[in-house]
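In what follows, a structure is listed as structure tokens, so that the remarks can point back to it.
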Amino acid sequence: MKIASFNINGIRARLPVLLDWLEQAKPDVALLQELKSTDETFPRELIEALGYQVETHGQKSFNGVAIMSRLPLEDISRGLPGDDSDEQARYMEGTVIGDKSAVRVACLYLPNGNPAPGPKYDYKLAWMGRLEACASRLIATEEPALLAGDFNVIPQAEDCWDPAVWKEDALFLPQSREAFRRIESLGFSEAYSIRHPGMQEFTFWNYRAGAWNKDHGIRIDHFMLSPAASDLLLDCQIDTYVRGLGKPSDHVPIWVRLDG
DNA sequence: ATGGCAATCAATGATTGA
């Protein structure tokens, strides 16, 4: 099964690009972030017309995540556990039933955290602590599971065009990278780096200052696979071309193919 | 400095993102 993740930066503004990409890439499952839409204003009909079951966890103006699947999709849960006062729609889970195996998928939009230090960075680190608890719970099931989405973390220096520029940024600060490593320490594998060691590809280019034309990008969208899911990994690719389409998102899709 | 763009909500300007 092919599972993709795409921070679309506004579902309504991005609908033409999304539909274009879906028809070319034909993922079985698409995990979307930054819907910037409530569940009520999410344009589900055109996506359902392509054969997808659409499950959303929206919020007005900001955040928002969705799971869309052409395979049976069950047991949806919405929201990141661990803080009942957190109103931001950044996390949901569902179980995809493949031909060979069921995969628990978590779609996440991890907080940016800038400016750091400050309350937004505190929220990011707290959020990552709660995510680690989810990761522990998922790995304990010993079933195939993955965490995917916009992590807003640059894992290592090779994952950005100029580490010096990002040195003080919340996406690259040591504490952010350490929190990312802690999830790996639980037993999760970051799919792209497993499949393409030493390669430099990006998933985000700022709209400003001609970043795309200069290839001033960063790699912040990731798939983290549990051991049981890693055993099924066949491929992981980044659909870079999507950044060059008309009216693009600032992120591009990344996907994995699992033998499931 | 990735200043310099884009999306959204709301009302011509502010907020947020990374």
Side-chain angles (χ1 to χ4, degrees), chain A residues 5-21 32-43 56-66 86-91 107-128 131 148-177 179-180 192 200-222 238 240 242-254:
Chain A
S5 170
F6 189 8
N7 177 322
I8 52 172
N9 187 18
I11 180 71
R12 285 164 289 167
R14 210 67 59 218
L15 200 53
V17 162
L18 177 64
L19 294 172
D20 186 322
W21 167 73
L32 303 184
Q33 303 90 36
E34 257 197 297
L35 305 180
K36 297 185 174 181
S37 166
T38 61
D39 296 339
E40 290 72 27
T41 53
F42 186 100
T56 61
H57 178 41
Q59 179 180 345
K60 191 175 182 180
S61 301
F62 309 115
N63 305 320
V65 289
D86 185 359
E87 312 243 314
Q88 300 195 34
R90 296 177 172 274
Y91 185 89
C107 173
L108 65 99
Y109 175 43
L110 206 150
N112 174 305
N114 280 307
K120 291 192 173 181
Y121 194 56
D122 295 340
Y123 176 66
K124 177 177 192 146
L125 293 179
W127 204 96
M128 293 185 84
L131 181 63
D150 178 1
F151 279 74
N152 268 318
V153 173
I154 300 167
Q156 50 196 356
E158 304 82 77
D159 298 317
C160 59
W161 64 279
D162 184 355
V165 169
W166 293 90
K167 196 166 180 294
E168 309 292 328
D169 194 282
L171 281 63
F172 194 54
L173 282 173
Q175 276 183 288
S176 305
R177 289 189 277 153
F180 188 80
Y192 179 85
Q200 184 182 62
E201 284 190 277
F202 305 132
T203 63
F204 170 89
W205 297 259
N206 202 303
Y207 288 121
R208 286 172 282 195
W212 165 243
N213 289 325
K214 292 186 278 193
D215 200 23
H216 287 181
I218 53 179
R219 193 170 69 87
I220 55 175
D221 298 86
H222 308 295
I238 297 168
T240 308
V242 176
R243 188 63 176 79
L245 299 176
K247 211 167 161 22
S249 172
D250 40 8
H251 295 251
V252 295
I254 177 171

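These numbers come from the heavy atoms of this one structure, side chains and all, not from hydrogens, waters or symmetry mates.
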Between [options], which nucleotide has the shortest distance from any of its atoms to the side chain of [X]?
X	options	result
A:Phe62	B:dT8, B:dA6, B:dT16	B:dT16
A:Ala13	B:dT16, B:dA7, B:dA10	B:dA7
A:Tyr207	B:dG17, B:dC9, B:dT2	B:dG17
A:Ala209	B:dG17, B:dT8, B:dG4	B:dG4

Length of the line joining [X]:[atom1] and [N]:[atom2], which is rounded to integer Å:
X	N	atom1	atom2	value
A:Arg219	B:dT2	CZ	C1'	20 Å
A:Asp250	B:dG4	CG	C1'	16 Å
A:Phe172	B:dT2	CZ	C1'	15 Å
A:Asn206	B:dA7	CG	C1'	14 Å
A:Tyr109	B:dT16	OH	P	12 Å
A:Asp169	B:dA1	CG	P	13 Å
A:Phe42	B:dT8	CZ	P	13 Å
A:Leu35	B:dC9	CG	C1'	17 Å

Exercise. In terms of the nearest nucleotide of DNA chain B, which residue is placed more toward the 5' end: A:Gly217 or A:Lys120?
Worked result: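 The residue whose closest nucleotide sits nearer the 5' end is A:Gly217.
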Exercise. When the nearest nucleotide of DNA chain B is assigned to A:Arg14 and to A:Ala211 on a heavy-atom basis, which residue is associated with the more 5' position?
Worked result: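 Comparing both residues, the 5'-ward one is A:Ala211.
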Exercise. Between the side-chain atoms of A:Trp205 and the base atoms of B:dT2, is any donor-acceptor pair under 3.5 Å?
Worked result: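 Side chain to base: no pair present.
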Exercise. Is any side-chain N or O of A:Trp161 under 3.5 Å from a base N or O of B:dT2, one able to act as donor and the other as acceptor?
Worked result: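 Checked by distance alone, the answer is yes.
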For this session: Describe the nucleic acid contact of A:Asp150 in one word from base, sugar-phosphate, nothing, applying a heavy-atom distance below 4.0 Å.
Result: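 Answer is sugar-phosphate: A:Asp150 comes under 4.0 Å of backbone atoms only.
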Exercise. Contact class for A:Asn7 (heavy atom, under 4.0 Å): base, sugar-phosphate, or nothing?
Worked result: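 Sugar-phosphate, backbone atoms only, no base.
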Exercise. Side chains of A:Lys120 and A:Asn114: do they bring a donor and an acceptor to under 3.5 Å?
Worked result: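 No donor-acceptor contact under 3.5 Å links the two side chains.
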For this session: Verify the distance criterion only: is there a donor paired with an acceptor across the side chains of A:Gln33 and A:Asp150 at less than 3.5 Å?
Result: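 No, no side-chain donor-acceptor pair sits under 3.5 Å.
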Quick one: is [N] close enough that its OP1 or OP2 comes under 4.0 Å of any side-chain N or O from [X]?
X	N	answer
A:Arg12	B:dA7	no
A:Lys36	B:dC9	no
A:Lys214	B:dT2	no
A:Arg243	B:dC5	no
A:Arg208	B:dA6	no

Can you tell me, in whole Å, how much space there is between the [atom1] of [N] and that of [M]?
N	M	atom1	answer
B:dT12	B:dA1	C1'	28 Å
B:dC5	B:dA10	P	25 Å
B:dT2	B:dG17	C1'	12 Å
B:dT16	B:dA11	P	16 Å

Problem set entry | Derivation of the side-chain hydrogen bond (donor to acceptor under 3.5 Å, both in side chains) call for A:Tyr123 and A:Asp86 | CA-CA 10 Å; A:Tyr123 176 66; A:Asp86 185 359; 3.0 Å; yes
Could you tell me whether the side chain of [X] and the main chain of [Y] form a donor-acceptor pair under 3.5 Å?
X	Y	result
A:Lys124	A:Asn152	yes
A:Tyr207	A:Pro248	yes
A:Gln200	A:Glu158	yes

Problem set entry | Aromatic ring pairing A:Phe151/A:Phe180, orientation class (parallel under 30°, perpendicular over 60°, tilted between) |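 If you compare the ring of A:Phe151 with that of A:Phe180, the planes turn out perpendicular.
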For this session: Could you check which nucleotide pairs with B:dA10 in any of the strands shown, counting Watson-Crick or G-U wobble with both distances under 3.5 Å?
Result: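 Pairing partner: none.
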